[in-house]
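Proteins come first, then strands; the chains are lettered A, B, ... in the order of their sequence lines, and each starts at number 1. In this text, all values refer to a predicted model and were calculated from it rather than measured experimentally.
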Amino acid sequence: MRRLLVGGVLALAVLSLGATAADASTPASAQIKQDRASTKAFIALQERADVNIARSAPAITAREKAYVTQAQSDCPDALTGIPKKAKAMQARAVGLFVIESSAALELDALAPVSALTGRIAAQTQRLRFSDPALQWQVQVNASAEAAYLKLRPPDLCADARALAARHFTDVTPAGARFAEDAVTVIERASVPASQLVRLMRQYAPGPVAVALKRLPELDRTVGRKLALGSHYRALLRALGASRLDPTASARPGLAS
Amino acid sequence: MKAVGRLVFALLALGLTAVIVSGAAVAAPIVTHQDTASTKAFIASAERYDVLEAKRIPAINARQAAYVAQVSSGCPDALAGAPTLGSSAQRVGLLEFRTEAGAALEIDALQPVRAVTDRIAELQERLRFSDPAVQFEVGFYASATPAYLALRPPDLCADARALAASGFERLTPAGNAFWHDVSTLLLPASAPSTTLLAQMRAYAPAAVAAALKRLPVLQRRFDKPLALSAHLEALLRSVFGKSVGQSATARRRGAL
């Protein structure tokens, strides 16, 4: 809204201290019934979202496979010829394509759960906390998730062909916009649910303690069942771009 | 990690975000009438805020002077003897205190514009854009300033005394909680409207171009009369006694 003067002066100092921030504890007087109810509701909604995704894992996985198969038949090896030593422009373009393709695969795969996930995000946004900073973080996280699910990926095959046709120096403007949008919202949504739950500890210590054990377990279960990473590698293979896999030990395509 | 967005987030964690800060050509979005209307409404609201705040500069300055006077009489020289460099724990403690003091002064001083801020944030959050990422960003920034101004600063003098009593290493729990909240909200609350306007350029090019020139001029017009930095300096001088001057001298020596 406006550049707060002291904010501007202090922003860098705060950033440099971010890693050393100690856990906050809101004074006891601020603990109100609404905080306790919202904490419990937040935990329940997070668990429901994770359980929903875990249950839908077979449908999600089936869509991932179908997406890879489609790419395999529509534009096989479209990215063959990615330079082993990329110049700066090429590294940038290829990086944008990695983001675009991974978000496109993920958004397509999550279609079976997007309606419920969107509803859960909307319910989360309606929760109220007395701490304005916590309230803001909860809302931002939920709205970022909802925004991510609303993004519409461009035609990946067309973009892969365009990238190759431009000697890997540029993605299409539509691809660049999609990648930028995806990064914007994902970065804002990157605070894990358990981190937010930890900030709610004083409102409902018992449920929070239980949730801090259960949420990471659920998260691991979801991670095991989804196998998004292996499908993404399969997608890159289908496009003839295995060397773009940023998780591989050797990353020649992105090395420079 | 959140279940939604985990693939893209995992890739971003590998350092791919850097490619986004690249200036790659980004597609002009499909522009709807609503996008254009929302962009113009956004500009009008940002300008209205600046104009309304300018009118309240005398009230803001009066509050700043009163706050500085109150702290100066409440705990003069409470942090006298603070080390110029000190241990890392002391540096963190002192920087947290300076941040707390700056934010407390600013939040108190800006109370006369809080109602305006809330109204304009509500208006901006109701604007609708066809691009989910732009929609999200508008809400993200619009909600941060009201959340920041809703924070309740703790007793600054109590924190100064607690910091001195702990060997300049620790604030009170309330001060620590406040510092944590400030560090969460400061950056998004400090972002100027022009940050978002650049993303709306395609929706109303002429209006955005004019606003990108006009808004910084408006902002500068009341940056100087507000003099938040000068009041903060005065506040810190009263609490630190001579040590603020000493550390400034040391900084100058270091810079030379």
Atom of B:Pro132, atom of A:Ala147 and distance for their closest heavy-atom approach: CB-O, 3.5 Å
Considering all heavy atoms, the nearest B:Ala147-A:Pro132 contact: O-CB, 3.3 Å
Within 6.0 angstrom of A:Arg55 CZ, more than 12 heavy atoms from elsewhere: no
Proximity breakdown for B:Ala144 and chain A, heavy-atom pairs closer than 4.5 Å: both
Heavy-atom side-chain contact between B:Gln199 and A:Thr184 under 4.5 Å: no
Heavy-atom pair with the smallest gap, counting every atom of B:Thr184 and A:Trp136: O-CZ3, 3.9 Å
A:Gln135, part contacting chain B, at a heavy-atom distance under 4.5 Å: neither
Nearest atoms (heavy-atom pairs only) where B:Ala133 meets A:Leu151: N-CD2, 4.3 Å
Euclidean distance, A:Glu145 CD relative to B:Phe136 CZ, rounded to 0.5 Å: 11.0 Å
Heavy-atom closest pair, residues B:Arg152 and A:Ser130: NH2-O, 4.1 Å
Contacts of A:Leu116 that satisfy side chain to side chain contact (heavy atoms under 4.5 Å, CB included) - sequence neighbours left out: A:Arg48, A:Asn52, A:Arg119, A:Ile120
